Amino acid sequence: MAELATLGVDAEDLGPKKKDEKEGLPPLPGIDKVKSPVFRMAPFPSGPLHIGNARMVVLNDEYAKMTKGKLILAFDDTIGAMKKKIEEDDSGAKYVIPEAYDMIREGLTWLGVNWDQEVFKSDRLPIYYDYCKQLIQKGEAYACTCEPSAFKAFKDAKKPCPHRDQPIEDAMEGFQKMLDGAYEEGSAVIRFKSGVDLSDPALREPVIMRISDAEHPRVGTKYRVWPMLEFSWALDDHLLDMTYIIRGKDLFKEDVIEEQVWKIFGWKPVHILHYGIISTEKLGKLSKTYAREMITKGEYVGWDDPRTWTLQSLDRRGIRPEPLRYVLLSQGLKMADVDFPASIMYAENQKIIDPISNRYFFVEDPVPLSITGIPDRSYTAEPLVNPLDPSLGNRSISILVKDGAKKVLVSPSDVEKIKGAGGDVLVRLKDLFNVTVPGGDISKAAFHSKDLDAARSQKAPVIQWIDSDPKNNVVVQVLMPDGRVTSGRGEFNLQSVKAGETLQFERFGFVKVQSVTKKKVDAWFTH
RNA sequence: GCUCCGUUAGUGUAGAUCGGUCCAGCACAGAGGGCUUUCACCCCUUUAACCCGGGUUCAAAUCCCGGACGGAGCACCA
């Protein structure tokens with residue numbers, strides 16, 4: 001007995017304490033030895049940031065905040081060969097679009113990210129050239145003119161290609177010819193001597209510099225030789241004093257190359273951390289190339305179309321940044337691949353918007369319900385603006401009755417339920433009055449009573465309704481996350497709503513208002 | 001084919017480092033109920049997982065080995 005009592009006390013004391021300790025991300029390895037932590041976000045400016053990029057951003061930002069470190073926004077805007085650009089194949093065609101720089105900044109700002117410095121990789125070509133020459137000088141890189149397929153054969157056989165053993169002078173000359181334009185795009189590259197017999201074929205003798213005649217949005221055609229991602233970062237991670245690299249595990253190969261380069265130059269290695277791939281498959285096709293195509297075709301409304309899942313699109317839909325950060329951070333730095341937990345993000349978002357979203361009646365794909373035998377000439381429904389905050393008061397919806405008859409609009413799904421019940425069904429038109437629908441026939445409904453208690457005592461379903469009088473309703477259009485547009489009618493009060501407001505359509509969901517005219521409200525579905 | 005990585009309920013996670021306190025916790029979703037003039041919110045109850053097989057051990061989700069499954073890389077994309 002005494003034991004039980006003691007245990008009880010202990011459990012109560014430990015419980016809440018334990019919880020507090022679990023907050024936030026785990027500490028960074030070796031952080032106690034790092035004087036001034038530096039992190040980086042390295043987006044490729046091919047479009048605005050989407051949900052898939054957000055993980056990289058949020059993780060780096062959060063750690064920078066936790067450690068009071070510096071966060072660099074490094075636009076990874078090096079470009080590949082021209083012919084790649086022309087291919088419509090979405091696995092290969094990636095290119096920089098000028099508007100992307102600002103769209104990325106906009107997304108970051110929305111996410112609450114504070115960065116201390118901006119770097120453009122496209123400004124740093126002379127640096128890459130310099131170190132490339134040093135590498136060649138050290139005999140660690142060479143100029144290769146193999147056809148890609150020919151090189152692959154050497155690589156697969158773990159054999160050096162004929163250019164690997166060229167004299168340093170030849171390699172230097174080869175690089176110079178690349179710079180001078182003596183080689184055409186695609187006809188020569190600089191390769192790094194990582195090792196021809198590495199067990200992992202992905203790591204053998206990677207290209208570090210190649211020619212591109214493509215025009216760059218920032219620097220035009222000033223440079224025609226561009227570094228590969230892993231090489232430019234091998235240099236910049238050191239040159240920019242990076243202390244931590246947090247990247248997806250799909251960039252694992254880059255680690256190895258970077259580490260080899262650091263070793264050659266005698267540089268201190270940077271901590272590298274990986275997280276698993278976050279799958280957005282279930283959300284639809286998220287490629288930026290695809291999105292751009294759909295925007296061009298006019299299928300998507302723009303870079304903030306809900307189907308793009310860009311940060312802009314989330315904002316426009318009514319998703320707040322906090323829930324996104326929350327789900328991304330809760331996933332931590334696991335190496336396991338995961339599905340993006342959209343439902344959790346929605347649940348978190350709802351906690352924020354529910355108390356501040358005013359309620360309105362909306363009926364999707366409405367059908368008329370004809371009621372007869374109504375005693376009074378007019379009725380007024382007065383539903384709460386938001387039941388979560390009664391101090392906001394009530395709105396008022398008045399209807400006029402002519403010759404005891406009235407038509408209201410109701411939802412087909414509610415009609416189905418009424419029909420399913422069979423026989424005469426008592427239905428409460430929310431906040432208005434009760435009607436009987438004989439045998440589910442919505443053309444023959446009859447007034448039953450006004451009193452709520454009458455409906456309650458019979459457990460009558462309560463449904464949404466809209467006055468069928470066009471002067472007393474508005475047309476409502478809702479763009480769904482999958483691009484579908486659904487429409488219906490909403491209560492007249494909707495005409496005083498403002499663009500940008502988040503609303504709740506009762507028994508339908510949350511929406512964010514896009515535009516309002518006298519007779520029409522355009523909204524996007526939040527969740 | 002080669003290489004690397006991963007595998008806790010429907011989804012996301014906790015559990016690490018120091019194997020017992022885990023017949024596995026939490027959140028969201030699901031089911032049922034209560035409250036409610038919303039299928040919202042709130043409250044209560046409930047379903048449901050340690051990939052498989054060996055081993056070490058008094059004791060394994062946690063350590064070791066093998067397998068299966070999944071992902072990534074093997075691009076002059078990032």
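Values in this document were obtained by computation on a predicted structure and should not be read as measured data. Letters go in sequence order (proteins before strands), and every chain restarts at 1.
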Completion exercise
Pairing partner of B/G1, by Watson-Crick or G-U wobble and under 3.5 Å for both distances, is B/C74

Exercise for the section: Choose from B/A72, B/C4, B/G12 the nucleotide whose nearest atom is closest to any side-chain atom of A/Val338. Expected result: B/G12

Practice task
Sticking with atom P, work out how far B/G20 lies from B/G10, rounded to a whole angstrom.
Solution key: 26 Å

Practice task
Give one of base, sugar-phosphate or nothing for A/Glu205, where a contact means two heavy atoms less than 4.0 Å apart.
Solution key: nothing

Exercise for the section: Hunt down the Watson-Crick or G-U wobble partner of B/C42, both distances under 3.5 Å, from any strand shown, or write none. Expected result: B/G34

Practice task
Looking at every strand, decide which applies to A/Asp431 at a 4.0 Å heavy-atom threshold: base, sugar-phosphate, or nothing.
Solution key: base

Exercise for the section: Kindly point out which of B/C77, B/G71, B/A40 is positioned nearest to the side chain of A/Met228? Expected result: B/C77

Exercise for the section: With heavy atoms under 4.0 Å as the rule, sort A/Leu198 into base, sugar-phosphate or nothing. Expected result: nothing

Exercise for the section: Report the base-pairing partner of B/A61 (Watson-Crick or G-U wobble, both distances below 3.5 angstrom), or none. Expected result: none

Handout entry: Spacing of A/Met335 atom CE relative to B/U13 atom C1', expressed in whole Å
Key = 18 Å

Problem - Between A/Phe447 and A/Phe433, ring centroids under 6.0 Å - result: yes

Handout entry: Closest to the A/Lys417 side chain, choosing from B/C4, B/C28, B/C39
Key = B/C39

Practice task
Using a 4.0 Å heavy-atom cut-off across all strands, classify A/Asp451 as base, sugar-phosphate, or nothing.
Solution key: nothing

Fill in the blank from the handout: Against the side chain of A/Ser330, the closest entry in B/U13, B/G12, B/C76 is B/G12

Completion exercise
To the nearest angstrom, the CD1-C1' distance between A/Ile51 and B/G12 comes to 14 Å

Handout entry: Donor-acceptor side-chain pairing of A/Arg428 and A/Asn434 below 3.5 angstrom
Key = yes

Exercise for the section: Counting Watson-Crick and G-U wobble pairs only, both distances under 3.5 Å, name the nucleotide matched with B/C50, or none. Expected result: none

Completion exercise
Note: for A/Thr78 and A/Gln350 on RNA chain B, the residue whose nearest nucleotide lies more 5' is A/Gln350

Practice task
Round to the nearest Å and state the distance from A/His163 atom NE2 to B/C76 atom C1'.
Solution key: 14 Å

Exercise for the section: Under 4.0 Å between any heavy atoms, over every strand shown, what does A/Pro341 touch: base, sugar-phosphate, or nothing? Just pick one. Expected result: sugar-phosphate

Problem - Presence of A/Lys334 side-chain N/O under 4.0 Å of B/U13 phosphate oxygens OP1/OP2 - result: yes

Problem - A/Phe44 side chain, from C-beta outward: closest of B/G1, B/A78, B/U38 - result: B/A78

Handout entry: Watson-Crick or G-U wobble partner of B/C22, both distances under 3.5 Å
Key = none

Handout entry: Distance in angstrom units between A/Phe252 CZ and B/A75 P, rounded
Key = 17 Å

Handout entry: Side chain of A/Ala202 - closest among B/A78, B/G73, B/U38
Key = B/G73

Handout entry: Base partner of B/U56, which must satisfy Watson-Crick or wobble distances under 3.5 Å
Key = none

Problem - Phosphate-side-chain proximity, A/Arg204 and B/C2, N/O vs OP1/OP2 below 4.0 Å - result: no

Exercise for the section: Check whether any side-chain heavy atom of A/Arg247 lies under 4.5 Å from a side-chain heavy atom of A/Glu254, and answer yes or no. Expected result: yes

Handout entry: Distance, nearest 0.5 Å, that separates CZ of A/Phe361 from CD of A/Glu491
Key = 6.5 Å

Practice task
Flag the pair A/Glu364 and A/Arg489 as a salt bridge only when some basic side-chain nitrogen lies within less than 4.0 angstrom of an acidic carboxylate oxygen.
Solution key: no

Handout entry: Nucleotide B/U38, atom P - distance to CZ of A/Phe361 in whole Å
Key = 9 Å

Exercise for the section: Could you measure between the two P atoms, the one in B/A16 and the one in B/G1, and give it in whole Å? Expected result: 37 Å

Practice task
Select one nucleotide: of B/C76, B/G73, B/U38, the one nearest the side-chain heavy atoms of A/Arg191.
Solution key: B/C76

Handout entry: C1' spacing across the pair B/C51 / B/U8, given as an integer number of angstrom
Key = 10 Å

Practice task
Would you tell me whether A/Lys121 and A/Thr78 have side-chain atoms, one donor and one acceptor, within less than 3.5 Å of each other?
Solution key: no

Completion exercise
Applying the 3.5 Å cut-off to both distances, the Watson-Crick or G-U partner of B/U7 turns out to be B/A68

Handout entry: d(NZ, A/Lys288; C1', B/C77) in whole Å
Key = 13 Å

Exercise for the section: Please state the C1' separation for the pair B/A9 and B/G54 - nearest whole angstrom. Expected result: 26 Å

Handout entry: A/Tyr142-A/Glu205 side chain donor-acceptor pair, cut-off 3.5 Å
Key = yes

Handout entry: Check: A/Tyr101 ring centroid to A/Phe75 ring centroid under 6.0 Å
Key = yes

Problem - Length of the CG-P vector between A/Leu333 and B/U13, whole Å - result: 11 Å

Practice task
Determine the interatomic distance between P on B/A61 and the same-named atom on B/A49; round to the nearest Å.
Solution key: 15 Å

Problem - Residue met sooner reading RNA chain B from 5', once A/Leu229 and A/Lys155 are mapped to nucleotides - result: A/Lys155

Practice task
In plain terms, say whether A/Lys430 and A/Glu506 are close enough for a salt bridge, that is, a side-chain N and a carboxylate O under 4.0 Å apart.
Solution key: yes

Problem - Separation between the C1' atoms of B/U45 and B/G55, rounded to whole Å - result: 42 Å

Practice task
Scan A/Gln331 against the nucleic acid and name what it touches under 4.0 Å (heavy atoms): base, sugar-phosphate only, or nothing.
Solution key: sugar-phosphate

Practice task
Would you mind telling me which of B/G12, B/C76, B/G70 lies closest to the side-chain atoms of A/Ile344?
Solution key: B/G12

Problem - Watson-Crick/G-U partner (both atom distances under 3.5 Å) of B/A14 - result: none

Handout entry: Per A/Arg359 side chain, nearest of listed nucleotides B/C28, B/A40, B/U11
Key = B/A40

Exercise for the section: Give the nucleotide from the list B/G71, B/C74, B/A75 with an atom nearest to the side chain of A/Lys152. Expected result: B/A75

Handout entry: Ion pair A/Arg359/A/Asp354, N-O distance below 4.0 Å
Key = yes

Problem - Under-3.5 Å donor-acceptor pair between A/Glu230 side chain and B/A78 base - result: no

Exercise for the section: Quote, to the nearest angstrom, the P distance that separates B/C35 from B/C28. Expected result: 22 Å

Practice task
Rounded off to whole Å, could you give me the NZ-to-C1' distance for the A/Lys351 and B/A40 pair?
Solution key: 15 Å

Practice task
Describe the nucleic acid contact of A/Val189 in one word from base, sugar-phosphate, nothing, applying a heavy-atom distance below 4.0 Å.
Solution key: base

Handout entry: Separation of the P atoms in B/U11 and B/A29, to the nearest angstrom
Key = 16 Å

Exercise for the section: Check every strand shown and say whether A/Lys430 touches a base, only sugar-phosphate, or nothing at a heavy-atom separation below 4.0 Å. Expected result: base

